Amino acid sequence: MPASTHDIEVVELFEKFGALGRVLVPPSKTIAIVEFLELNEAKIAFRKLAYSKFKNVPLFLEWAPLE
């Protein structure tokens, strides 16, 4: 993600797919961790957003390890 990204932009991008738990954006703002409360909603968001453009850069999404 571009370093100019604000936390609320990440929330707005993902929350349209379902209820979010935590959204973590470190000070560098070049990465974010988004937690969905429902697995199916996370899967839909992943399919819709993976490699899509966000502020003119592609989003590279990964699943977090379970533990």
Side-chain angles (χ1 to χ4, degrees):
M1 297 185 336
S4 63
T5 302
H6 297 284
D7 300 12
I8 191 67
E9 293 174 302
V10 176
V11 171
E12 289 171 350
L13 180 65
F14 285 90
E15 74 180 353
K16 58 186 158 190
F17 296 101
L20 303 179
R22 294 175 287 186
V23 177
L24 306 172
V25 182
S28 68
K29 300 186 182 198
T30 57
I31 191 170
I33 298 173
V34 178
E35 176 188 45
F36 277 87
L37 298 178
E38 296 293 331
L39 177 60
N40 288 336
E41 293 171 349
K43 288 179 180 179
I44 292 168
F46 192 94
R47 282 195 305 268
K48 296 281 187 177
L49 294 175
Y51 303 107
S52 67
K53 294 280 183 156
F54 176 72
K55 293 188 169 188
N56 296 319
V57 294
L59 285 175
F60 295 103
L61 303 181
E62 292 184 31
W63 290 100
L66 294 175
E67 291 185 27

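Fair warning: this is a prediction, and the values are worked out from it, not measured in the lab. In what follows, every heavy atom counts, from backbone to side chain, and hydrogens, waters and symmetry copies are set aside.
- What you find for A45 and F36 is that their closest heavy atoms are CB-CZ, 3.6 Å.
- For F60, the side-chain contact (heavy atoms from CB on, under 4.5 Å) partners are Y51, P58, not counting sequence neighbours.
- Under the 4.5 Å side-chain criterion, counting only non-hydrogen atoms from C-beta, V34 is not in contact with L13.
- Under the 4.5 angstrom side-chain criterion for Ile, Leu, Val, Met, Phe, Trp and Tyr, I31 has no cluster partners at all.
- Partners of F46 under the ring pair (Phe, Tyr, Trp, His ring centres under 6.0 Å) rule, at least two apart in sequence or in another chain, are W63.
- For residues 3-30, the set of pairs meeting the salt bridge (charged side-chain N to carboxylate O under 4.0 Å, His left out) definition, not counting sequence neighbours, comprises E9-K55, R22-E35.
- I33 and I8 fall into different hydrophobic clusters, where Ile, Leu, Val, Met, Phe, Trp and Tyr are joined by side-chain heavy atoms under 4.5 Å apart, directly or via other members.
- Between L61 and L49, some side-chain heavy-atom pair lies under the 4.5 Å cut-off.
- With sequence neighbours excluded, the residues that form a side chain to side chain donor-acceptor pair (under 3.5 Å) with S28 are T30.
- Under the rule for a side-chain contact (heavy atoms from CB on, under 4.5 Å), the partners of V57 that lie at least two apart in sequence or sit in another chain are P2.
- Cluster membership for L24 and M1, using ILVMFWY side-chain heavy atoms within less than 4.5 angstrom, is not shared.
- For residues 6-26, no residue pair satisfies the ring-ring contact (aromatic ring centres under 6.0 Å, His included) rule, not counting sequence neighbours.
- Taking Ile, Leu, Val, Met, Phe, Trp and Tyr as hydrophobic and joining them when side-chain heavy atoms fall under 4.5 Å apart, one finds L37 isolated, its cluster having no other members.
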